[in-house]
Amino acid sequence: MKKYMPTEIESKWQKKWMDNGTFASDLTGDNKYYVLAEFPYPSGDLHMGHWFTWGGADIFARFKRMQGYNVFFPIGFDAFGLPAENAAIKRNIHPQDWTRANIFKMKEQFLTMGPSFSFDHEVITCEPEYYRWNQWIFLKMLERGIAYRGKSLANWCPSCQTVLANEGVENGKCWRCGSEVIQKDVEQWFFRITDYADRLLWAVSSNLTLATSNLVDWPQSVREGQNSWIGKSEGMEINFKLVASGKSQGSSKNKPRLLTLDSSDSIIVYTSYPETIFGVTYLVLAPEHPIVQHLLSSQFTVNSSQLAQVRDYVDQAKKKSELERKTAEKNKTGVFTGLYVINPVNGEKVPVWIADYVLGGYGTGAVMGVPGSDHRDYAFAATYSLLIRRVIAPSANSSSQLEQLAQEPIGSVEDVLEEGVLVNSGEFTGLRTPDQARPAIADWLESQGFAKRSVQYHLHDWSISRQRYWGTPIPVIHCPDCGIVPVPEEQLPVELPYNVDYTPKGKSPLASNEEWHRVSCPKCGKPATRDADTMDTFVDSSWYFFRYLSPQYKQGPFDKKVASEIMPVDIYFGGAEHTLGHTMYSRFFTKFLKDIGWTDLEEYASRRINHGIVLGPDGNKMSKSKGNVVNPDDEVKKYGADAVRVYLAFFMPYDGTGPWISERVWGAFRFLDRVWGLQEKLSVISHQSSESLTADSEASLKAEDLFQMHRTIKRVTEEIEATKFNTAVAALMEWLNYLSKKNVTKEEFSTFLKLLSPIAPHITEELWQMVHSSQFTVHSKHKENLVSAVNPEPTIFKSIHTQPWPKFEQEYLTLPEIKIVIQVNGKPRDVLSINKDQESEEQLLELVKTSKAAKFLEAKEIKKTVYIPGKILSLVTD
RNA sequence: GCCGAAGUGAUGGAAUGGUAUACAUGAUAGUUUCAAAAACUAUUGAUCGCAAGGUCAUGAGGGUUCGAGUCCCUCCUUCGGCACCA
């Protein structure tokens, strides 16, 4: 027997599979199965995380293929984005050249995994053939008002010199470079994802065992995370009229006042606690609130020192970064405006303040201050000695007790209640909240015309403009006369010019290429300029899984007919970090594509699997700066690709997070080496045909042998299906331990190889071909003949990876001799073996008398027996 | 603060309410070797015991059950996400 030398056999089979087209995709057949993994960013090095993600996906794809599915398992590259640009600046390489070289290198590295990718459907997002359809989709969105241009405060990274989406801000810092993000007023393009907020919400099921929601099987954590990010809140907009004396007399003749308000001369607040309205003792505006601007431009009469204070405060607030504003959470600051409003429910005159704890971007940018029932309002009122009134009391037993509670002052934060019974609330006093009081007051406020019901979302529109070079150009032309003019569809793609100055200057690098930038207006023909921004790279990754189906397609983003057959994605492997970004944007795109008639799908992936993270040997996240990066190439050289694959599958659950421990990879190698050694234990090595061999070996297998084999088939099948690769490997190890102690039949050996083949594709192919050598040699000779004659590409090579997946037989899963656990008073005392056919409670009770359990029953009466056939006999004495 | 997931040997981790610690790594001893590595064999939760065997152990404390790592309640810790969203 030759020694197991992985490096010798692995490249051999990788080449063979390639040449033979073993894993080529066929999108025409029935019984499709679409396996998707998040396409990699071409950073230039395939790291362990790629092996982990794609290894798991490859196991699954191979498994499904052997189960007879027509598997589509494409790969591509998410090639636009900042790192390429940063590399360009740092190393003076053009982003395009850098990216192309990286893609080339990474493909080579991927091949060492022995993957079963459908390489013939590759998608690379920086190719004009791809991004022209980004532009096409953009224009469709523009047509429908889903894409729009707006000016607003945006997250701005001063280091990357670009706008960031909310999802790109982590703890107030840029997700790429870690610089502190500031707020900047910028004109930019948005996608109106908020229009889709309701459709993006996941149905929340109280039954947690029900894994599906919106008819697909996505992790609970993703569904909950997205829902809380969308942050749907149902409440009311309540109108508070400004007190007339606050108005400026002088300006009333000429200027129309407060044009931006829905209803003139009033402030509209948003609240989801309308039932606390009797507890309002002040109003608070965000510093960005429009009325603050009116105030500062002297449209109200307030004394000048007050005005100066307001001006100071608003200026200060502007200077605070997002981070400062969030970390200063506990210390509430604010300033009185001099204005008053009337509380519509009781006619009280209430002061209006400005405070930066109120956010300009949420609701109406104004809230009612209810210090008696809101912790933040309480803190604010306490700081500025504002009136605090109790409107919610703890539930009371009697009305007299309630009256007493109503008088209790609120002396500390602990007294601030959001639930209980309403007090000091006019006719609503005594109602329980939230269930009774909230709808009652809401109805009443609406009927009186004081307020209307309103739904608010935490989700913001998606800002997609980036002032960077390496991305999809926005297909729009700015004309001094016609304004924003979309680039006509037939002129797509708007190609990204090669020659630009991409060093960051706070404006878009594309504008530096005059020849590209200056065009004539498609409408009027006069000189105009192209939009010089590029799109967020999340746009690229929002629909790539559609493009995979028909990457060469020229009549649209993808071939609808193919999509109707192959979509949705059946299983999507990816990282938990994409819960709020990529996976939600993709869902949004899918819904939009449905609306314009390109797909019938509401959800693009039937099942989502979040993978874990492989840490460095020191237990920290692998990073160059920490020097704990394990390079898969090195590990493959040491142990072989199969051992690395087995280790990755085995060392922790697929969704876990744990360190790479090299000495344990050796354990995976040892396992494969023992599998290799199994060939020596083959009891029947003959020249007979495989069919008669099967019959022979079946006959010689004992009940225990069959039990072990079928049990393993069952376990491996179910565990791969559930993406529990670690226990699938453990099941194979257990069977190997059993097989190592006996002679092995060809049947057992072949079955073992098939079950292991998705995880360790090379060694299993080698051993398979060795065992089925007669078949193989005949065919190889045959092949040479065929090649020289008619058919240049005969496909007679029968790979193990196209063999049918083993099926287990229920009848072998129980042994004739079964084991029954005997418990006395809940403690296991003995295990009895009994013939399956003879098992009965009476028989067992008889056997118990002579068992180890007997002494625990001496001189005791059995008061109760619980008998679960095939499992346990539980005896209870006094 | 809110939401979610999880706490099991020295370590990674297994366990449809039914013999907790499968499988692997490490460790100890032995075989082999001039020696080491590798390989192979045995042992390996704690504790009492010469042994047979017993007792105790799944973050802590209660509960349901013949029986709980698993279900329920309270608490602690860790990780992840969100966070002044009114």
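Within every chain, numbering begins at 1; the chains are lettered A, B, ... in the order of the sequence lines, protein sequences first and strands thereafter.
Note on residues 719-729 of chain A: pairs passing salt bridge (charged side-chain N to carboxylate O under 4.0 Å, His left out), not counting sequence neighbours, are Lys64(A)-Glu721(A), Arg607(A)-Glu721(A).
No contact: Gly231(A) has no heavy atom under 4.0 Å from any strand. Note on Lys3(A): nothing from the nucleic acid sits closer than 4.0 angstrom, heavy atoms only. Residue-level contact check: Phe856(A) touches the backbone only, with heavy atoms under 4.0 Å from sugar-phosphate atoms and none from bases.
With a cut-off of 3.5 Å on both pairing distances, the Watson-Crick or G-U wobble partner of G61(B) is C73(B). Pair assignment for A37(B) gives none, since no Watson-Crick or G-U wobble pairing has each distance under 3.5 Å. Pair check for A5(B) finds U78(B); Watson-Crick or G-U wobble, both atom distances under 3.5 Å. For A14(B), there is no paired nucleotide, since no Watson-Crick or G-U wobble pair has both relevant distances below 3.5 Å. Base pairing annotation: A27(B) forms a Watson-Crick or G-U wobble pair with U43(B), both donor-acceptor distances under 3.5 Å. For A20(B), there is no paired base (Watson-Crick or G-U wobble, both distances below 3.5 Å).
Comparing U11(B) with G26(B), their C1' atoms sit 7 Å apart, to the nearest whole Å. Rounded to the nearest Å, the gap between the P atom of C2(B) and that of G18(B) is 34 Å. Nucleotides A68(B) and A83(B) place their P atoms 43 Å apart, quoted to the nearest Å. Rounded to a whole angstrom, the distance from the P atom of C71(B) to that of A5(B) is 11 Å. Comparing the C1' positions of A10(B) and G81(B) gives an interatomic distance of 33 Å, to the nearest angstrom. Using atom P as the reference point in both G17(B) and A6(B), the two lie 14 Å apart (nearest Å). Spacing of P atoms, A24(B) relative to U43(B), comes out at 14 Å, to the nearest Å. Rounded to a whole angstrom, the distance from the C1' atom of U77(B) to that of A60(B) is 10 Å.
For Phe650(A), the ring pair (Phe, Tyr, Trp, His ring centres under 6.0 Å) test picks out no residue, with sequence neighbours left out. Contacts of Lys638(A) classified as side chain to side chain contact (heavy atoms under 4.5 Å, CB included), with partners at least two apart in sequence or in another chain: Glu635(A), Ser662(A). Remark: Ser833(A) pairs with Glu817(A), Lys819(A) by the side chain to side chain contact (heavy atoms under 4.5 Å, CB included) rule, at least two apart or across chains. Judged as a ring pair (Phe, Tyr, Trp, His ring centres under 6.0 Å), and not counting sequence neighbours, Tyr867(A) has no contacts. With sequence neighbours left out, the ring pair (Phe, Tyr, Trp, His ring centres under 6.0 Å) criterion links Phe240(A) to no other residue. Scored by the ring pair (Phe, Tyr, Trp, His ring centres under 6.0 Å) test, Phe278(A) finds no partners at all (sequence neighbours excluded). Qualifying side chain to side chain contact (heavy atoms under 4.5 Å, CB included) partners for Glu234(A), counting only residues two or more places apart in sequence or in other chains: Lys232(A), Val455(A). Applying the side chain to side chain contact (heavy atoms under 4.5 Å, CB included) criterion to Glu446(A), with sequence neighbours excluded, gives Met236(A), Lys452(A), Arg453(A).
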Short heteroatom pairs, N/O only, protein and nucleotides 61-70 of chain B, under 3.5 Å:
| from | atom 1 | to | atom 2 | distance (Å) |
| --- | --- | --- | --- | --- |
| C66(B) | OP1 | Lys864(A) | NZ | 2.5 |
| C66(B) | O2 | Ser874(A) | OG | 2.5 |

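Between Ser228(A) and C3(B), a side-chain N or O to OP1/OP2 separation shorter than 4.0 Å is absent. Close to A24(B), at under 4.0 Å from its OP1 or OP2, lies no side-chain N or O of Arg670(A). Residue Trp676(A) places no side-chain N or O under 4.0 Å from the OP1 or OP2 atom of A39(B). One finds a side-chain N or O of Tyr362(A) lying less than 4.0 angstrom from the OP1 or OP2 phosphate oxygen of A86(B). Note on His375(A): every side-chain N or O is 4.0 Å or more away from OP1 and OP2 of A86(B).
At whole-Å resolution of the value, CH2 in Trp666(A) and P in A37(B) are 14 Å apart.
G69(B): glycosidic angle beyond 90° from 0, hence anti.
Using a distance-only test at 3.5 Å, with no hydrogens or angles considered, no donor-acceptor pair links the side chain of Tyr4(A) to the main chain of Gly677(A).
Interface residues of residues 730-737 of chain A facing RNA chain B, ordered by number: Ala730(A), Met733(A), Glu734(A), Asn737(A); criterion, heavy-atom separation under 4.0 Å.
Phe651(A) approaches Pro659(A) most closely through the heavy-atom pair CE1-O, 3.2 Å.
A ring-centre distance under 6.0 Å is not found for Tyr639(A) and Phe669(A). Between Tyr384(A) and Trp353(A), the ring centre distance stays below 6.0 Å.
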Handout entry: Nucleotide-resolved protein contact map, nucleotides 6-14 of chain B, B/S/- at heavy-atom distance under 4.0 Å
Key = -----BBSS
